[in-house]
Amino acid sequence: MASDSLPHSRIHQDLANDVEIEKGGSDRESTKKAARLKRGTTSRRNAIVVSCFLYLAATIFLVLVEVGNTRNNTILGSMYFFKLDLTNVLAKSAPSGLELQSSIARTLGLHDYYQVGLWNFCEGYRDEGITHCSKPDASFWFNPVDIVLDELLAGASIALPSEINDILNILRIASHMMFGFFLGGIILDAILLVTSPIVLYSRWWSLPIGIISGMAAVVVVVAASLGAAISYIFQAALNSQPDLGVSASVGTKMLAFEFTAAGLTVLAAIIHATLGCCCTSRRDIRMGRKARGDDAPEL
């Protein structure tokens, strides 16, 4: 009986060894297949990583544009689209003299300067800095006439040429468009930051992601262009009227932020457009349409 049980135990042991060998071979094959997929999609994966980095950086710059000039502090207070200098502005029949004019303007309720952001405006004095920022409002647009007249004492007035009023109407429409484009741009860039990795798996995903990335590029470029156009038009309009005693300057930081975000978004869109026809995807390898890492060089 003992001699009969020995062969049976050996048979069971051999079967167990065969199962372990088969399992080990399957694991090695899976590991090898995964390694081939990884090697075969290296270029596509690297391109996606670069695009995600570009979208992350663009989102950060767009956030800076959104929060610029919303608080009275050194950092946010230095980021604005344009700035009005009212140091020399006077009510009618005011005496001359720079120091006296500034003193009279402050007595009348005017501040030395007003700077404009996406959500609000801030005001302040040269010797004190920013003293107040208006409450952020999604429907905000900067109307210097209403703001200045609201702060003047009763009976005081400022004569404005009709050309300024025409420019203000254009400014109102453009400001609302700019706000919508900047908000849409930051939403699209954030969505693309999260969804871009899905393009690794199939070229089919490059179509919807490429369309969205193209839309994001257009939206951010238009937003940046509107911001720059409004700022420079306002500067040219006011500086062309020296009798007003009001000068304007463009905020270079905000200008740099918005166009940097636009450039990064455009570069990321170009990468996604390229991924629609280039760089091997996982599906390409599994369907046998592209090389499998070790078999041939990747296109």
Side-chain angles (χ1 to χ4, degrees), residues 41 43-70 76 79-82 116-120 136-141 173-233 250-283:
T41 58
S43 296
R44 193 174 189 86
R45 185 171 57 254
N46 291 341
I48 293 171
V49 170
V50 172
S51 69
C52 287
F53 172 79
L54 293 174
Y55 281 126
L56 175 61
T59 302
I60 292 174
F61 281 111
L62 288 174
V63 168
L64 291 175
V65 173
E66 291 280 342
V67 302
N69 204 64
T70 55
L76 297 183
M79 297 183 293
Y80 52 85
F81 285 106
F82 58 90
V116 182
L118 193 63
W119 296 79
N120 64 335
D137 184 0
S139 61
F140 166 77
W141 73 280
I173 298 173
S175 295
H176 290 159
M177 292 177 60
M178 178 181 66
F179 178 87
F181 278 112
F182 270 121
L183 187 60
I186 195 173
I187 291 173
L188 289 175
D189 277 3
I191 291 174
L192 288 165
L193 173 62
V194 177
T195 59
S196 287
I198 200 173
V199 177
L200 175 67
Y201 295 95
S202 173
R203 291 175 189 271
W204 286 106
W205 284 111
S206 293
L207 178 60
I209 297 299
I211 292 174
I212 297 174
S213 64
M215 291 173 56
V218 172
V219 167
V220 178
V221 168
V222 171
S225 300
L226 282 173
I230 290 173
S231 301
Y232 280 110
I233 290 174
V250 176
T252 55
K253 284 186 178 180
M254 190 73 86
L255 199 66
F257 291 159
E258 59 190 9
F259 276 104
T260 299
L264 294 173
T265 305
V266 169
L267 287 176
I270 293 174
I271 290 176
H272 277 293
T274 304
L275 290 177
C277 60
C278 302
C279 300
T280 306
S281 68
R282 285 176 175 265
R283 186 173 183 272

*Restricting to pairs with a member in residues 57-67, which pass side chain to side chain donor-acceptor pair (under 3.5 Å), not counting sequence neighbours?*
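Qualifying pairs, neighbours excluded: Glu66-Trp119.
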_Set of residues satisfying ring-ring contact (aromatic ring centres under 6.0 Å, His included) with respect to Phe61, sequence neighbours excluded_ = Phe257
_Tell me the closest heavy-atom pair linking Thr265 and Ala58, and the distance in Å._
OG1-CB, 3.6 Å
Those residues that, when tested against [X], pass side-chain contact (heavy atoms from CB on, under 4.5 Å) (two or more places apart):
X      : value
Ile187 : Leu183, Ile191
Val49  : none
Ile212 : Leu188, Leu192

*Any donor and acceptor pair, going by atom type alone, linking the side chain of His176 with main-chain N or O of Ser139 inside 3.5 Å?*
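Yes: the side chain of His176 pairs with the backbone of Ser139.
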Check: residues 216-227 side-chain donor-acceptor pairs under 3.5 Å, at least two apart:
| unit_1 | atom_1 | unit_2 | atom_2 | d |
| --- | --- | --- | --- | --- |
| Ser225 | OG | Val221 | O | 2.8 |

*Other residues, nucleotides, ligands: >12 heavy atoms within 6.0 Å of Phe140 CZ*: yes
*Taking side chain as C-beta onward, heavy atoms only, is Asp189 less than 4.5 Å from Tyr55?*
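Counting from C-beta outward, Asp189 and Tyr55 do come under 4.5 Å.
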*So do the side chains of Asn69 and Val116 get within less than 4.5 Å of each other, counting heavy atoms only?*
no
*Determine the sole option in Val250, Leu255, Leu118 for which the side-chain contact (heavy atoms from CB on, under 4.5 Å) test with Phe81 is passed.*
Leu118
